[in-house]
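Here the structure is laid out as structure tokens; the discussion comes afterwards.
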Amino acid sequence: MAKKAAVIRGDGIGPEVVDAMLSVLQECNLQSEIVMCEAGSEQWEKNSKRDETYIPDATMDELEHADACFKGPTTTLPIPNAPRSVAVTLRQKFNLYANIRPCSTFERLTPGRNLECVCFREATEGLYSGVEAQITPDSAIAIRKITRPGCARIVDASFAWARQHNMKRLVAITKRNILKMTDGIFWEEVLRASEQNPDIKVSEIYIDNMSQQLVIAPEQFNGAVLLSTNLFMDIISELVSGLVGSIGLIHSANMGDSYAMFEAAHGSAPDIAGQKKADPAATILAGAWMAEYLGEADIGGAVRAATKQVINEGKSVTADIGGTADTDKMAGAIASAALALLRK
Ligand code: ATP
């Protein structure tokens with residue numbers, strides 16, 4: 001039976017890049033059913049800001065009845081009492097504990113630098129637990145909640161990825177000399193998994209040194225799985241993404257044990273919304289991964305290879321990576337290249 005994906009187009013450039021991604025998958029004859037639904041701040045504002053969430057009940061219902069979902073970029077408004085971000089809400093609702101961001105350079109964009117690694121971020125605990133307390137009018141605390149089961153599942157997922165992708169190195173990023181208890185539990189779980197995977201070389205690096213190393217010699221992490229807790233990897237994965245060439249190229253998946261959400265790493269980019277200037281690559285790469293997850297691996301593989309080809313050729317690409325094409329033209333070039341690969 002065909003699987004089903006619920007797709008949120010999102011805010012700002014969201015509709016442009018999500019429509020571009022869907023057109024590529026449809027050109028490739030995706031068999032899975034796609035259901036469109038609304039979420040984000042634009043619909044919240046249209047709805048007179050009455051809801052306590054950016055995700056209407058009807059959308060939550062569609063998401064629950066799908067095998068996976070795609071989230072276009074959604075704006076989180078920086079105003080008091082505005083709802084919690086769509087991504088954080090969905091990660092916690094569906095227990096999507098592994099945020100996985102593969103980062104690969106493209107020859108044309110960073111000649112001489114070859115970096116291929118994957119960032120594994122724990123996505124439900126740490127400083128994103130949402131537990132803060134005002135102690136006095138002039139002081140407040142945020143809780144960095146770390147649990148052993150929470151660490152165990154992200155650590156196991158990262159080792160499983162290393163095994164599946166034949167990656168022989170795993171780098172755990174901590175600040176264990178200062179955060180002795182919380183990062184202590186995390187590191188104990190890394191050591192436990194390491195004993196079960198003796199062929200994968202494990203090292204630990206403190207977050208401050210990691211930041212420096214990524215700036216001065218990023219190639220040393222080529223072929224490695226990078227693993228950390230929620231906020232540390234939020235920051236490190238942005239740093240790694242910056243080495244690739246454009247935020248418009250970076251995508252991620254949020255995985256749980258029985259559900260997944262796919263997304264581009266960039267935001268809703270209101271400064272270029274409605275102008276067809278947005279680079280659709282990140283959204284298309286996330287869509288390719290979703291196709292694989294839904295059981296259509298041939299389409300996923302072809303779309304991924306086609307995206308790489310179009311970016312490296314540089315003839316039909318958007319301005320952020322040195323071209324003059326608009327969003328639809330770049331997506332069209334990717335669709336044609338993917339179809340050619342599928343027909344081979
Ligand atoms: P958020 O808080 O939602 O992540 P942000 O404002 O921090 O949003 P983005 O919306 O990602 O960040 O935008 C950062 C910059 O990157 C903007 O100048 C935007 O135009 C640019 N940008 C983001 N996505 C793309 C894209 N797909 N193609 C081209 N430029 C992009």
Side-chain angles (χ1 to χ4, degrees), residues 7-24 39-45 53-55 70-80 82-91 99 101-104 106 108-110 119 121 123 127-128 230-231 233-252 254 261-289 303 307-308 310-311 314 316-334:
V7 175
I8 296 166
R9 293 165 87 225
D11 302 319
I13 58 171
E16 296 161 60
V17 288
V18 170
D19 287 353
M21 177 273 290
L22 289 175
S23 73
V24 172
S41 66
E42 286 173 18
Q43 65 81 37
W44 183 74
E45 288 185 309
T53 157
Y54 287 132
I55 310 171
F70 192 98
K71 190 194 78 59
T74 46
T75 308
T76 306
L77 298 169
I79 52 174
R84 218 158 53 135
S85 101
V86 175
V88 173
T89 307
L90 293 182
R91 282 179 195 138
N99 178 269
R101 190 184 285 203
C103 291
S104 300
F106 297 87
R108 185 180 66 83
L109 301 180
T110 55
C119 297
R121 166 182 168 195
L127 275 167
Y128 285 72
N230 207 339
L231 181 64
M233 188 49 86
D234 187 15
I235 296 166
I236 290 297
S237 63
E238 286 287 301
L239 224 170
V240 176
S241 302
L243 299 166
V244 169
S246 166
I247 185 70
L249 304 174
I250 308 294
H251 67 296
S252 69
N254 300 270
M261 172 175 80
F262 300 86
E263 59 180 339
H266 59 74
S268 56
D271 54 332
I272 55 167
Q275 300 170 43
K276 295 273 179 188
K277 284 184 183 166
D279 187 335
T283 303
I284 291 172
L285 288 167
W289 197 349
V303 171
T307 307
K308 191 166 188 177
V310 167
I311 292 169
S316 301
V317 296
T318 44
D320 59 310
I321 48 172
T324 54
D326 70 8
T327 307
D328 295 341
K329 187 170 177 212
M330 181 163 170
I334 293 171

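Order of listing sets the numbers, starting from 1, for every ligand and every atom in it.
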Side-chain donor-acceptor contacts of residues 277-289 below 3.5 Å, not counting sequence neighbours, with atom names and distances?
| unit_1 | atom_1 | unit_2 | atom_2 | d |
| --- | --- | --- | --- | --- |
| K277 | NZ | Q275 | OE1 | 2.9 |
| D279 | OD1 | A281 | N | 2.8 |

Show every donor-acceptor pair shorter than 3.5 Å between a side-chain atom in residues 244-252 and any protein atom, with sequence neighbours excluded, or say none if there are none.
| unit_1 | atom_1 | unit_2 | atom_2 | d |
| --- | --- | --- | --- | --- |
| S246 | OG | G248 | N | 2.9 |
| S246 | OG | D320 | OD2 | 2.6 |

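Between D271 and ligand 1, a contact under 3.5 Å exists for at least one N or O pair. Considering backbone and side-chain atoms alike, T74 places every N or O at 3.5 Å or more from each N or O of ligand 1. Between H266 and ligand 1, at least one pair of N/O atoms sits closer than 3.5 Å.
Both the sub-6.0 Å distance and the 45° axial angle are satisfied by R121 relative to the ring of Y128.
Of all atoms in ligand 1, numbered sequentially from 1 with element shown, those under 4.0 Å from a heavy atom of A278 are 28 (N). Here is the list of ligand 1 atoms found below 4.0 Å of a heavy atom in A269: 10 (O), 19 (C), 20 (O), 23 (C). Set against the non-hydrogen atoms of I247, the atoms of ligand 1 under 4.0 Å away are 16 (O), 22 (N), 23 (C).
Counting heavy atoms only, I272 comes closest to atom 31 (C) of ligand 1 of the residues I272, T75, D11.
Taking atom 9 (P) of ligand 1 as the reference point, the nearest protein heavy-atom neighbour is G267 N, 3.5 Å. Nearest to atom 26 (C) of ligand 1 among the protein's heavy atoms is D279 N, 3.7 Å.
Taking 4.0 Å as the cut-off between side-chain N and carboxylate O, E42 and R9 do not count as a salt-bridged pair.
Put simply, the residue from T75, T74, L77 that forms a side chain to side chain contact (heavy atoms under 4.5 Å, CB included) with Y54 is L77.
By the criterion of a heavy-atom distance under 4.0 Å, the backbone of S268, and not its side chain, is placed next to ligand 1.
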